[in-house]
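Single-structure report; data block below.
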Amino acid sequence: MSDTRGGLRGWSAGRKGGLSRLRFTSLRLRLVVVFGLVALTAAVSASGIAYWLNREAVLTRAQDAVLRDFRQEMQNRAGALPAHPTQDELQRTAGQMASSSQSFSVLLVGQDTQGKTVYGNSGGINGFSLEDVPKSLREAVGRQQEISDTNKQPYHLYWQRVVDHGTPYLVAGTRVIGGGPTGYMAKSLEPEAKDLDSLAWSLGIATGLALIGAALLAQAAATTVLKPVHRLGVAARRLGEGKLDTRLRVSGTDELADLSRTFNNAAEALEKRVADMAARDDASRRFVADMSHELRTPLTAITAVTEVLEEELDADAGSMDPMIEPAVRLVVSETRRLNTLVENLMEVTRFDAGTARLVLDDVDVADQITACIDARAWLDAVELDAERGIHARLDPRRLDVILANLIGNALKHGGSPVRVAVREESDSVVIQVRDHGPGIPEDVLPHVFDRFYKASASRPRSEGSGLGLSIAMENAHIHGGEITAANSLEGGAVFTLRLPRDASELTEEPDGSTEKKDGDADTTQGKEGR
């Protein structure tokens with residue numbers, strides 16, 4: 001039973017695959033349809049012309065033979081009758097005329113010596129009578145023509161094709177010149193009609209075969225043309241997936257072969273360019289990482305010195321020369337900024353290198369936010385709307401980095417009070433940080449998480465490193481979460497952090513454990529985003 005189901009599924013899949021290949025938008029179907037229409041038009045036109053020419057030839061040949069025989073019989077037999085024949089003479093002569101090689105029916109009409117109209121019928125076609133002759137033909141036969149240089153005879157032979165009960169007939173009539181009876185003839189054209197029907201059927205079959213042949217030819221042509229195109233499409237998809245070593249097999253010298261060569265050249269150039277860019281990117285990352293590590297040692301010493309100088313500044317007045325006090329304060333401030341920048345750069349290099357790891361713990365989100373605010377003395381400027389008891393399995397240090405950057409950015413660039421709200425959903429925790437400032441310009445919104453992005457070109461230098469929000473975003477991503485920025489309808493900017501309730505489902509190592517790279521730096525510096 002399972003084999004039967006498998007066979008049915010295979011048949012259904014194959015049928016669907018065939019239908020998808022012949023969908024109405026496919027080039028294959030359009031080629032088949034175009035070839036079919038061209039073949040059908042050509043075949044119908046050729047068949048129609050052939051049928052018309054053969055029909056005229058068959059009918060003309062049969063008609064000429066019958067009319068020629070009828071004219072000869074009228075001259076030889078009807079012309080031998082007296083000017084006023086009797087009915088018996090007409091009847092006998094009509095029978096003799098009908099026995100000719102063409103086997104037509106004859107009706108002779110004349111006047112006897114007493115002026116009475118008499119008829120002679122060959123008896124064919126259920127009694128051929130004058131009523132079977134069209135009136136227009138009778139009038140034309142009885143009409144006397146004027147004698148002229150171009151018209152030597154007063155009466156002529158006239159003919160007409162008629163259909164009686166579905167059977168075609170040739171009807172003709174003429175008068176004996178010099179006095180005598182009028183003769184009419186009727187000849188069935190049914191044999192010719194059957195021949196023409198057979199010809200029409202033959203042409204119809206030939207048209208159908210031509211249409212089938214055109215469809216098969218179109219299918220073969222489409223396969224020949226579309227197979228390289230299909231291979232090109234597959235190769236392009238593989239190239240788009242990052243498989244830059246994809247190449248096409250080139251055969252032939254036609255346009256499709258040229259297209260394959262062009263694709264291979266483009267893929268080779270792209271692979272080389274991407275390799276060069278990757279090498280430069282790796283080199284730049286190594287440079288940033290090496291420089292950051294190299295700077296930490298002198299920065300540690302400089303930081304220790306600036307801490308001593310800062311203690312001197314905070315000591316009793318007069319302990320430092322007032323002339324150098326502004327310079328000392330500037331050195332202390334810039335040293336802090338440089339230290340923060342180096343730490344941020346080291347954190348960014350860890351994310352770029354893929355060495356950043358999570359150390360997960362069960363976290364009460366409200367307690368974590370409170371600790372972050374309290375550690376930075378923001379309790380008076382931040383309103384917290386969060387209930388205790390909302391737990392999530394996250395990395396507490398990285399969550400603190402995210403919150404410090406979002407809240408610090410709101411305090412620096414927005415307007416107080418900054419409100420932090422927490423809500424829980426089925427499988428995630430949502431934290432919103434909203435300020436009451438002017439909001440974020442619409443042209444800046446797409447770039448607030450970019451590294452070193454400055455909202456104003458006139459402020460290329462600021463207290464921020466320009467990396468805070470990008471580091472916050474990276475920390476959210478490593479948890480499997482996301483941060484979005486928007487403007488509130490009531491004014492101010494709103495940053496929404498969405499994190500999973502259990503990040504271990506996305507971040508666990510193959511052995512089931514999680515690890516954190518030693519030396520991960522903390523950062524609380526806001527991003528210069530507005």
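Using modelled atom types, no side-chain atom of His479 and backbone atom of Leu499 make a donor-acceptor pair closer than 3.5 Å. Between the side chain of Gln368 and the backbone N or O of Pro396, at least one donor-acceptor pair lies under 3.5 Å. In this structure, the side chain of Asp435 does not engage the main chain of Gly492 through any donor-acceptor pair within 3.5 Å. A donor-acceptor pair is defined here as one N or O able to donate and one able to accept, closer than 3.5 Å; no such pair exists between the side chain of Asp361 and the backbone of Val363.
Every residue two or more places apart in sequence or in another chain that forms a side chain to side chain donor-acceptor pair (under 3.5 Å) with His391 is listed here: Asp362. With sequence neighbours left out, Asp374 forms a salt bridge (Lys or Arg N to Asp or Glu O under 4.0 Å) with no residue at all. Residues meeting the side-chain contact (heavy atoms from CB on, under 4.5 Å) test with Ala50, sequence neighbours left out: Asn54, Leu203. Shown here are the side-chain contact (heavy atoms from CB on, under 4.5 Å) partners of Glu442, two or more places apart in sequence or in another chain: Leu445, Asn487. Residues that satisfy the side chain to side chain donor-acceptor pair (under 3.5 Å) test with Glu482, not counting sequence neighbours, are His477. Under the side chain to side chain donor-acceptor pair (under 3.5 Å) criterion, Asp367 pairs with Arg388, sequence neighbours left out. Applying the side-chain contact (heavy atoms from CB on, under 4.5 Å) criterion to Val38, with sequence neighbours excluded, gives Val34. Evaluation of the side chain to side chain donor-acceptor pair (under 3.5 Å) rule for Arg249 yields no partner, not counting sequence neighbours. Considering only residues two or more places apart in sequence or on other chains, Arg231 meets the salt bridge (Lys or Arg N to Asp or Glu O under 4.0 Å) condition with none of them.
In this structure, the side chains of Leu403 and Ile431 come closer than 4.5 Å at one or more pairs of heavy atoms. Contact check for Met473 versus Leu469: no side-chain heavy atoms found under the 4.5 Å cut-off. Contact check for Thr484 versus Val494: no side-chain heavy atoms found under the 4.5 Å cut-off.
Rounding to the nearest 0.5 Å gives a distance of 6.0 Å between CZ of Arg398 and CG of Leu358. Interatomic distance, CG of Leu196 versus OG of Ser202, reported as 11.0 Å (0.5 Å rounding). To the nearest 0.5 angstrom, Ile402 atom CD1 is 10.5 Å from Glu474 atom CD. Between Phe495 atom CZ and Ile483 atom CD1 the span is 8.5 Å, to the nearest 0.5 Å. Interatomic distance, Leu360 CG to Asp502 CG, rounded to the nearest 0.5 Å: 7.5 Å. Of the inter-residue distances, the one linking Leu248 atom CG with Phe263 atom CZ reads 5.0 Å to the nearest 0.5 angstrom.
Applying the salt bridge (charged side-chain N to carboxylate O under 4.0 Å, His left out) test to every pair with at least one member in residues 413-429, sequence neighbours left out, gives these pairs: Asp385-Arg419, Arg423-Glu425, Glu424-Arg501, Glu425-Arg498. Sorted pairs that involve residues 45-54 and meet salt bridge (charged side-chain N to carboxylate O under 4.0 Å, His left out), not counting sequence neighbours, are lacking altogether.
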Exercise. Which is it for Asp258 and Arg261 under the salt bridge (charged side-chain N to carboxylate O under 4.0 Å, His left out) test, yes or no, and what are the steps along the way?
Worked result: CA-CA 5 Å; Asp258 291 340; Arg261 292 190 190 92; 2.9 Å; yes

For this session: Go through the steps for Val430 and Val422 under the test side chain to side chain contact (heavy atoms under 4.5 Å, CB included), then give the verdict.
Result: CA-CA 6 Å; Val430 179; Val422 181; over 6 Å; no

Problem set entry | Verdict with supporting geometry, Val274 and Lys272, side chain to side chain contact (heavy atoms under 4.5 Å, CB included) | CA-CA 6 Å; Val274 170; Lys272 183 178 179 181; over 6 Å; no

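For the residue pair Pro417 and His436, the shortest heavy atom distance occurs at O-ND1, 2.7 Å. Between Gly389 and Asp364, the shortest heavy-atom contact is N-OD2, 3.1 Å. Annotation for Leu394 and Pro500: closest pair CD2-O, 3.5 Å, computed over non-hydrogen atoms. Ala472 and Asn405 make their closest contact through CB-CB, 4.1 Å (heavy atoms, listed as atom of the first residue, atom of the second, distance). Taking all atoms of both residues into account, the shortest heavy-atom contact from Ala386 to Ala366 is CB-CB, 4.0 Å. Closest heavy-atom contact between Trp378 and Ala404: CH2-O, 3.6 Å.
A salt bridge links Glu271 and Arg247; the closest N-O separation between the charged side-chain nitrogens and carboxylate oxygens is under 4.0 Å. Look at Arg376 and Asp400 and you find a salt bridge, because one of the NZ, NE, NH1 or NH2 atoms lies within 4.0 Å of a carboxylate O, short of that distance.
Around the CG atom of Leu53, the shell of radius 6.0 Å holds more than 12 heavy atoms that belong to other residues, nucleotides or ligands.
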Only pairs under 3.5 Å count here: list side-chain donor-acceptor contacts from residues 234-241, not counting sequence neighbours, and write none if there are none.
none

